[in-house]
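Contents: one structure, followed by commentary.
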Amino acid sequence: MVKGKTVLVTGSTSGIGKGIAEAFAMEGANIVLNGFGDPQEIEKLQADLRSRHGMAVGYEDTDLTDGEAIEEMMRRVEADFGGVDILVNNAGIQHVDSLEDFPPEKWDTVLSLNLSSVFHTTRLVLPYMRSQGWGRIINIASAHGLVASEKKSAYVAAKHGVMGLTKVTALETANSGITCNAICPGWVLTPLVQKQVDAIAEKQDVDQEEAKKILLSEKMPHHQFVTVEQLGATALYLCSPAADTMTGVPVTLDGGWTAR
Ligand code: NAD
């Protein structure tokens with residue numbers, strides 16, 4: 001299904017992106033990783049993927065808040081891999097503060113990574129996908145792309161923006177063999193969410209397990225973290241023929257978060 005295709009997963013040195021890259025690697029796709037982290041760990045991740053699955057693995061350390069750097073990255077990936085068949089826009093950050101206290105420079109950074117980078121990678125990948133008559137764009141939005149929470153103004157605004165961009169991309173690519181959908185997870189226990197667990201543990205003076213329970217029960221009727229394996233399998237499904245007519249929609253894996 002995705003064997004031999006090239007998949008660019010932004011923000012794939014950690015958490016959800018890494019899980020999605022592993023899921024595609026297991027199916028024989030070529031992988032382009034992106035994100036930051038310990039260079040030795042990233043080298044090890046590339047070597048692991050290559051040795052376990054035998055396909056080509058690239059790595060781009062591009063800072064996706066920089067539009068020009070994204071253009072250079074996409075040119076390099078096209079030169080090295082021929083083009084991107086499947087684009088997973090996953091890189092994202094969080095900042096938690098009330099509107100009055102929200103640092104304007106944090107707003108700019110969250111918007112430029114969580115929303116504008118999706119615009120740039122998408123616009124740059126479309127000519128190749130159109131030339132192939134096939135392509136998949138998967139935007140990792142969030143339950144916060146559909147509903148809001150306090151103190152997450154930039155994140156919620158960016159993720160709602162990603163939902164809008166997903167719909168426009170779907171409309172502009174209709175009948176071209178390209179689809180664009182969003183995956184909207186609830187809580188996934190990655191470094192991004194661990195920070196929020198730590199904050200609850202400190203503020204409410206409870207241990208890690210109790211802090212996780214508090215976080216989950218506040219938003220998710222189904223008190224279980226979503227796993228990166230579930231998200232990887234969902235991304236693969238969106239690339240399968242079963243999803244050929246599925247475009248412009250949010251796929252929620254949120255334990256009932258947005259059902260109430
Ligand atoms: P994470 O912190 O584990 O990983 C984030 C990744 O993005 C890392 O690889 C990091 O290096 C990369 N990154 C950060 N800044 C970057 C930049 N400027 N340029 C390029 N790469 C950058 O986070 P995660 O929880 O795996 O989140 C991944 C995505 O999933 C995000 O878009 C997030 O909003 C979304 N999401 C997460 C959850 C959750 O509960 N963890 C829920 C819903 C949606």
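Order of listing sets the numbers, starting from 1, for every ligand and every atom in it. Just so it is clear, the model here is predicted, and its values are computed rather than measured. All residue numbers refer to positions in the sequence shown, counting from 1. No hydrogens, no waters, no symmetry mates; every other heavy atom, side chains included, goes into these values.
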Look up atom [atom1] in [X] and atom [atom2] in [Y], then write down how far apart they are to the nearest 0.5 Å.
{"X": "Thr109", "Y": "His95", "atom1": "OG1", "atom2": "NE2", "answer": "10.0 Å"}
{"X": "Lys18", "Y": "Ser12", "atom1": "NZ", "atom2": "OG", "answer": "10.5 Å"}
{"X": "His223", "Y": "Leu215", "atom1": "NE2", "atom2": "CG", "answer": "11.0 Å"}
{"X": "Glu43", "Y": "Asp48", "atom1": "CD", "atom2": "CG", "answer": "10.5 Å"}

Q: Could you walk me through whether His53 and Arg50 pass the side chain to side chain donor-acceptor pair (under 3.5 Å) test, one step at a time?
A: CA-CA 5 Å; His53 309 291; Arg50 259 186 228 116; over 6 Å; no
Q) Under the side chain to side chain contact (heavy atoms under 4.5 Å, CB included) test, which residues partner Pro241, sequence neighbours left out? A) Met1, Asp244
Q: Return the protein residues near ligand 1 (heavy atom under 4.0 Å from any of its atoms), ordered by chain and residue number.
A: Gly11, Ser12, Thr13, Ser14, Gly15, Ile16, Asn34, Gly35, Phe36, Thr62, Asp63, Leu64, Thr65, Asn90, Ala91, Gly92, Leu113, Ile140, Ala141, Ser142, Tyr155, Lys159, Pro185, Gly186, Trp187, Val188, Thr190, Pro191, Leu192, Val193
